[in-house]
Q: 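Have a look at the structure that comes next, please.
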Amino acid sequence: MALEEAKFRQVTIDAVHLDLGPLSGVVAEALLFSYQIACNGTPLEGSRLVIREVPIEVYCPACKTRKTLTSMQWFYCPTCGVPASEVIHGKELMITGLEVRDERRTTLAGSA
Amino acid sequence: MNAEPRLLEVRKNVLKQNDQIARVLRDRFRNDGIFVVSLVSSPGAGKTAFLEKMLTFLRCKYRVAALVGDLATENDAVRLARSLAPVRQINTGTLCHLEAAMVERALNGWEIGPLDFLFIENVGNLVCPSSYDLGENLRLVLLSVTEGEDKPLKYPTIFNSADVAIITKIDLARAVEFDEAGLRANIQAVRPGMHCYSVSAKTNFGLQEVLQFFVDRRSEFPQLDPALRSGL
């Protein structure tokens, strides 16, 4: 996905920023480990993967507001204790940003 | 001289492709009036035994079929075929879970005619299947009485992605000193309000309640033949 973006925008990617929620089913360490292997031999080789771990946020029907959970083993409002199973954040496995350098500008600067 | 690095903002779901296929599947199922139930559990929890009974009972009144995923062998498809329902095996090779594209491929070119229920048995795994939407209407997570009452706390993600919990092999409960109340409390901790059934595919205990639940949920589905809504 990041590669497509790089090709489309004609840029070189230094880093891929990713939001990762505990409910995505993906572990940051495993992703970091496999990222390097997956990037080898591609234009992303040598790029960094920057993971931002997103906490679980649920909607509390009693407080009528969003609440951040401290444990993924307890889906109850931390303030009022009411069951809160409507997940707003925490399932993310999403590329949020790319650190890029403009390829065309680099080439022009290089040939100047 | 290198150009200045800059940060480009993008918002792309890494599993977008799977989610798109799953959405197409879900629309297709809805249009065809097929209620789709998927099953996830650890290996050996009793998905196949449970599903064989579900297919056998539902077959009397409904048109049913099943897809079954495994790394290798056709063993589960052979077992499920004893129910006389159409069954197709998906061999995933080394992949530890089913993806929407595999379901799509398995359905294409499968001449089974109109269906009321389709079951999808996932590869035995409580981790990876939680990330992949298969276009199902209902996801069951099964766990047997031998697995430990704290399983929901150890694998909260899969419980969070599922709609119903099925406690299997309840006929062994006494032998393994199973604490049913404890397990149910743990399920409610990670997924408040989750429906939970205790069953035995061996003695048929609790199976009628689950069947009735499927039938009720299916009747809430649009575009159904009213003649088929009469229950079991």
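Chain letters run A, B, ... following the sequence lines, proteins first and then strands; every chain starts at 1. Excluded from the calculations below are hydrogen atoms, water molecules and symmetry mates; all remaining heavy atoms, backbone and side chain alike, are included.
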Q: Side chain, backbone, both or neither: which part of Ser24(A) has a heavy atom under 4.5 Å from chain B?
A: backbone
Q: Is there side-chain contact between Val100(A) and Arg6(B), with at least one heavy-atom pair below 4.5 Å?
A: yes
Q: Return the orientation label for the Phe214(B) and Phe50(B) ring planes: parallel under 30°, perpendicular over 60°, tilted otherwise.
A: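 Answer is perpendicular, since the angle exceeds 60°.
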Q: At a heavy-atom distance under 4.5 Å, which candidate from Lys154(B), Lys16(B), Gln188(B), Met194(B) has the highest pair count against chain A?
A: Gln188(B)
Q: Less than 4.5 Å to any heavy atom of chain A: does that hold for the side chain of Ser131(B), its backbone, both, or neither?
A: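 Contact with chain A involves both backbone and side-chain atoms of Ser131(B).
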Q: Where on Leu18(A) is there a heavy atom nearer than 4.5 Å to chain B: the side chain, the backbone, both, or neither?
A: side chain
Q: If we define contacts as heavy-atom pairs under 4.5 Å, which of Val127(B), Leu15(B), Asn160(B) has the most with chain A?
A: Asn160(B)
Q: Is it the side chain or the backbone of Ala84(A) that comes within 4.5 Å of chain B heavy atoms, both, or neither?
A: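 The backbone, not the side chain.
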Q: Taking Cys60(A) as the fixed residue, which of Lys67(A), Arg66(A), Glu86(A) is the one that meets the side chain to side chain contact (heavy atoms under 4.5 Å, CB included) rule?
A: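 The residue from Lys67(A), Arg66(A), Glu86(A) that satisfies side chain to side chain contact (heavy atoms under 4.5 Å, CB included) with Cys60(A) turns out to be Lys67(A).
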Q: Output the distance between atom CZ (Arg217(B)) and atom CG (Asp163(B)), rounded to the nearest 0.5 Å.
A: 6.5 Å
Q: Scan Leu153(B), Leu143(B), Asn186(B) and name whichever one has a side chain to side chain contact (heavy atoms under 4.5 Å, CB included) with Phe159(B).
A: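 Among Leu153(B), Leu143(B), Asn186(B), the one meeting side chain to side chain contact (heavy atoms under 4.5 Å, CB included) with Phe159(B) is Leu143(B).
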